[in-house]
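Given the structure is predicted, the values throughout are model-derived calculations rather than measurements. We're numbering straight along the sequence, starting at 1. We count ligands from 1, going down the list as the structure has it; atoms in each ligand are counted the same way. The figures that follow rest on heavy atoms only: side chains count, while hydrogens, waters and symmetry mates do not.
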Amino acid sequence: MRIVLKRGKDKPVRRRHPWIFSGAIRQVEGEPQPGDIVEIVASDGQWLAWAEYNPQSQIRARTFGWEQDRRPDEAFWRDKLLASIARRRQLMPDAEAVRLIFAESDGMPGLIVDRYGPHLVVQCLTAGAEARKLQTVAHLVDCLQPRSIVERDDPIRRKEGLPPVAGVLHGEPPDEPVVISENGHRFYVDLRSGQKTGFYLDQAENRRALAGYCADAEALNAFSYTGAFAVHALAADAKHVTNLDSSADALDMAARNLDLNGFSPERWQNLQADVFQQLRLWRDQGRQFDLIILDPPKFVTSRRQLDRAARGYKDINWLAMRLLRPGGLLATFSCSGLVSRDLFQKIVFGAALDAGRDVRIIRHFSQGADHPVLLSFPEGAYLKGLLCHVA
Ligand code: SAH
């Protein structure tokens with residue numbers, strides 16, 4: 001089965017960008033079904049790549065192989081999986097909670113595998129990853145001997161025409177949350193009903209980096225989820241941390257995590273509220289902090305939402321700057337892939353102008369080494385952040 005590209009549409013494929021949109025396709029030969037492996041050829045018939053096909057997705061095909069005589073079979077995928085795991089062992093040998101496979105960025109479109117100690121959590125976000133799910137599970141069991149493998153759904157699956165899923169793919173995951181360690185601190189992770197795969201692993205390095213700026217601070221951890229930044233801050237001698245999140249479940253888990261790490265309740269507080277409203281309320285009350293962490297969820301999933309998202313980012317950043325004491329620090333993040341690092345910095349600049357504060361960038365944040373960015377796939381870079389000194 002082959003996909004023939006339109007004239008002039010072969011360049012991104014030659015440059016190994018993994019996505020082929022419907023508009024680039026001249027002809028589909030054979031009758032490939034969602035998830036089937038196809039060959040990509042240029043308009044002049046020249047062979048380009050192996051790819052997986054999905055007629056139900058805007059991204060019609062995703063490439064992953066560039067050797068014509070290596071038809072992707074089980075051994076091919078097993079090699080990719082082993083290489084991906086080996087990169088983590090090389091780059092972060094001590095990490096107990098780590099993303100082992102980061103989809104396109106690891107050459108395995110749509111496949112996410114996160115390790116939480118002896119347990120694995122899998123997400124299949126494309127038809128190809130879905131079609132190979134059982135094979136992937138067999139390879140994971142063989143290579144890592146996990147105690148369990150849990151599957152989690154993601155709304156992205158709907159864009160690929162895939163049904164909701166959730167369940168156990170291997171072994172018996174515990175009913176209770178598991179305990180993992182990150183940077184020497186311990187955290188409960190709910191593999192079955194936590195957000196995403198249970199924990200925001202992409203922030204591990206930033207949590208460690210931020211700890212260096214927490215001493216004696218009265219801190220606000222906005223969009224706290226289960227309090228991972230709060231635990232790092234208190235361990236680094238922050239005076240007090242307020243966790244702010246709209247999810248009661250997340251805050252319950254944050255309380256358990258703070259307790260697990262031995263912090264007395266006098267040093268922290270949980271507040272269930274909408275960040276946008278709460279920051280406004282505090283502004284009106286004149287409440288102040290020394291350090292504010294803003295780690296909101298993804299505000300944009302399509303270009304059409306970009307303007308609204310930019311306003312959302314500006315709003316919380318502007319309010320946070322207003323709440324900081326002179327010389328306070330703002331750690332501000334965006335995990336929206338469509339908001340570039342450049343644009344994000346401009347938004348934060350706009351917020352600073354409106355807040356009337358002199359703001360300096362102290363350092364840049366990005367995603368951890370287990371969320372690598374493949375140079376041929378810059379879209380894989382999604383998490384960016386700034387540590388700002390707010391005078
Ligand atoms: N900083 C966290 C991850 C944040 S994920 C960590 O290090 O683990 C984003 C969080 O924002 C989620 O917990 C979600 O419940 C919360 N959230 C989303 N919209 C919100 C809003 N408008 N107000 C408050 N919390 C919100």
Heavy atom of [X], distance to ligand 1 below 4.0 Å:
{"X": "Gly227", "result": "no"}
{"X": "Arg207", "result": "yes"}
{"X": "Gln195", "result": "yes"}

[X]: numbered ligand 1 atoms lying under 4.0 Å from its heavy atoms:
{"X": "Tyr225", "value": "2 (C), 3 (C), 4 (C), 8 (O), 13 (O)"}
{"X": "Ala273", "value": "23 (N), 24 (C)"}
{"X": "Phe229", "value": "1 (N), 7 (O)"}

Which one holds for Tyr200 and ligand 1: side chain close, backbone close, both close, or neither close, with close meaning a heavy atom under 4.0 Å?
-> side chain
Under 4.0 Å, heavy atoms only, figure out whether ligand 1 is touched by the backbone of Ala222, its side chain, both or neither.
-> neither
Have a look at Phe344 and tell me which of Phe299, Phe365, Tyr313 forms a ring pair (Phe, Tyr, Trp, His ring centres under 6.0 Å) with it.
-> Tyr313
For [X], is the [atom1] atom crowded, meaning more than 12 foreign heavy atoms sit under 6.0 Å from it?
{"X": "Lys11", "atom1": "NZ", "value": "no"}
{"X": "Arg287", "atom1": "CZ", "value": "yes"}
{"X": "Arg26", "atom1": "CZ", "value": "yes"}

Pairing of Lys239 and Asp216 as salt bridge, 4.0 angstrom limit | no
Are Arg115 and Glu96 ion-paired here, with the side-chain N under 4.0 Å from a carboxylate O?
-> no
Flag Ala228 as yes when one of its N or O atoms lies below 3.5 Å from any N or O atom of ligand 1, and as no otherwise.
-> no
Say whether Asn221, considering both its backbone and side-chain N or O atoms, lies within less than 3.5 Å of an N or O atom on ligand 1.
-> no
Do the side-chain N and O atoms of Asp295 and Gln203 include a donor-acceptor pair separated by under 3.5 angstrom?
-> yes
Is the Lys NZ or Arg CZ of Arg70 less than 6.0 Å from the centre of Trp50's six-membered ring, within 45° of the axis?
-> no
Can you tell me which residue and heavy atom of the protein come closest to [atom], and the distance to 0.1 Å?
{"atom": "atom 17 (N) of ligand 1", "result": "Ser246 OG, 3.5 Å"}
{"atom": "atom 21 (C) of ligand 1", "result": "Asp274 OD1, 3.5 Å"}
{"atom": "atom 1 (N) of ligand 1", "result": "Asp295 OD2, 2.7 Å"}
{"atom": "atom 11 (O) of ligand 1", "result": "Phe223 CD2, 3.4 Å"}
{"atom": "atom 23 (N) of ligand 1", "result": "Val275 N, 2.9 Å"}
{"atom": "atom 14 (C) of ligand 1", "result": "Asp245 OD1, 3.5 Å"}

Centres of the Phe333 and Phe229 rings: under 6.0 Å?
-> yes
Heavy-atom nearest option to atom 18 (C) of ligand 1, drawn from Ser247, Pro297, Ala248 = Pro297
Report the C-alpha separation of Phe199 and Tyr116 in whole Å, then their side-chain angles, then the decisive distance to 0.1 Å, and conclude whether the ring pair (Phe, Tyr, Trp, His ring centres under 6.0 Å) test is met.
-> CA-CA 9 Å; Phe199 202 71; Tyr116 295 106; 7.0 Å; no
Hey, is the main chain of Val38 close enough, under 3.5 Å, to the side chain of Arg2 for a donor-acceptor pair?
-> no
